[in-house]
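Scroll down for the structure; my scribbles are underneath it.
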Number of protein chains: 2
Amino acid sequence: MQQIAPLARFLPYQLSIASNAVSGRIAQEYRARWGLSVPEWRVMALLGDFGKITQRDLTRLSLMDKVAVNRACKVLEDRGLVERTPNEQDGRSHLLDLTATGREMHGQIMPLAREMERRICDGFSAAELDMFRAMLDRLHMQSEMVDSDDIESDNFGIG
Amino acid sequence: MQQIAPLARFLPYQLSIASNAVSGRIAQEYRARWGLSVPEWRVMALLGDFGKITQRDLTRLSLMDKVAVNRACKVLEDRGLVERTPNEQDGRSHLLDLTATGREMHGQIMPLAREMERRICDGFSAAELDMFRAMLDRLHMQSEMVDSDDIESDNFGIG
DNA sequence: GAAGGATAGTTGCCGATGCAACAAATAGCT
DNA sequence: AGCTATTTGTTGCATCGGCAACTATCCTTC
């Protein structure tokens, strides 16, 4: 058991456990302080920035599943943090926005988010973080471009 | 909707969606080709490298929950890819290892893993990837060191 | 060697997440 | 206008993953 597992150098794995650790730590904080789940927190963050938008807009902005957005909105509405008004341009959807209570909570939530981000990233320069973000975005893109058939045909590059 | 959402610059969020995209893409591949879940794949990778070890060892090496390891082992055993032999040093546990069939599958799985990693990381230098891995590990560590009470006491650093 | 505590593995349960199917409304085509 | 396809939001269902509780075995201490 002295040997370092190759798994520990498999980048998708390292990415996964780092992401789980960071997200888990932040989720724990929001749950403990305000009883908010991650999707709920994301919706509040977006509504605070964008004001009256639809669930569809929230889905696109958050990159979450529309069902996750819908459930988060429902919970927030039941808690009186978010309100819906009819959308006169489109009868299928509603316009969502923070209530006064929701706006007040948003004012506490965002500073905590920034502070936790700052602490988690403590010790890295702005340039390092920018490069890190750029790499994340590119890995994200490139993972979606990998073509299965392509891999199949060359026998994993070992044939 | 022209504005770039601040959420898109929130590092834990970027980390989360990048990780989900990468893991999801790879998980899809393993599911389609061999019907393996991510935990099952990880167990096979570790058994291929370490040979006869216990579930406890697998839990430590994989950083997964012991329940996840147990369920993965059970599925792999039922599929005839993994076998248990009694552990003479400790009657509570068994020694797990790949069967001949499992070893054959392992021989196909690992090249695919490396090839997908290579394609997802295509365009980055070894130095960039090393730095990226180091940052992942450090973010992981630092997220676990953030102290709630500490944040509480300074009112999120906003006075 | 018996008792108490620790550890390995297992099971059940609950919450989170995602997809498929659906209803309501809109948009496009003729 | 009327028919069809698309889009938005919603519900139900299956799955996944983690935690708590439990059993069996081991270790320590007396």
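Numbered from 1 within each chain, the chains take letters A, B, ... in sequence-line order. Values below: all heavy atoms of this structure, side chains included; hydrogens, waters and symmetry mates excluded.
- Checked by distance alone, Arg92(A) brings no side-chain donor or acceptor within 3.5 Å of a matching partner on the base of dT26(C).
- Nearest to the side-chain atoms of Val67(B) among the listed nucleotides dG9(C), dC26(D), dT11(C) stands dT11(C).
- One can place CH2 of Trp41(B) at 18 Å from C1' of dG17(D), the figure rounded to the nearest angstrom.
- Checked by atom type and distance alone, the side chain of Ser16(A) never pairs as donor or acceptor with a backbone atom of Pro12(A) at under 3.5 Å.
- The interatomic distance linking Arg31(A) (CZ) with dG18(D) (C1') rounds to 13 Å, in whole Å.
- At dT7(D), none of the side-chain N or O atoms of Arg60(A) fall inside 4.0 Å of OP1 or OP2 (strictly under the cut-off).
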Salt bridge (Lys or Arg N to Asp or Glu O under 4.0 Å) between Asp130(A) and Arg9(B), worked out: CA-CA 10 Å; Asp130(A) 279 344; Arg9(B) 290 281 298 174; 3.2 Å; yes

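- One atom, CD of Gln89(B), and another, C1' of dT25(D), lie 14 Å apart when rounded to the nearest Å.
- One can place CG of Asp57(A) at 15 Å from P of dT7(D), the figure rounded to the nearest angstrom.
- Taking atom CG of residue Asn87(A) and atom C1' of nucleotide dA24(C), one finds them 14 Å apart after rounding to whole Å.
- Here the P atom of nucleotide dC16(D) and the OH atom of Tyr30(B) are 17 Å apart, to the nearest Å.
- Using a 4.0 Å heavy-atom cutoff across all strands shown, Thr54(A) reaches sugar-phosphate atoms only and no base atom.
- Between Met64(A) and Glu88(A), the residue anchored nearer the 5' end of DNA chain C, judged by the nucleotide with its closest heavy atom, is Met64(A).
- For Gln55(A), the side-chain atoms get nearest to dG9(D) when compared with the rest of dG9(D), dT11(C), dC26(D).
- A close approach under 4.0 Å does not occur between any side-chain nitrogen or oxygen of Lys66(A) and OP1 or OP2 of dT7(D).
- Heavy-atom contacts from other residues, nucleotides or ligands closer than 6.0 Å to CD of Glu104(B) number 12 or fewer.
- If you take CG of Asp65(B) and P of dG9(C), they are 13 Å apart, rounded to a whole angstrom.
- Nearer the 5' end of DNA chain D, as judged by each residue's closest nucleotide, is the contact made by Thr59(A), out of Thr59(A) and Ser37(B).
- Rounded to an integer number of Å, the gap from Asp90(B) CG to dA6(C) P is 17 Å.
- Considering CZ of Arg60(B) and CG of Asp57(B), their distance stands at 8.0 Å, rounded to 0.5 Å.
- Looking only at distances, no side-chain donor or acceptor of Glu144(A) sits under 3.5 Å from a matching main-chain atom of Ala21(B).
- A donor-acceptor contact under 3.5 Å links the side chain of Arg71(A) to the base of dG18(C).
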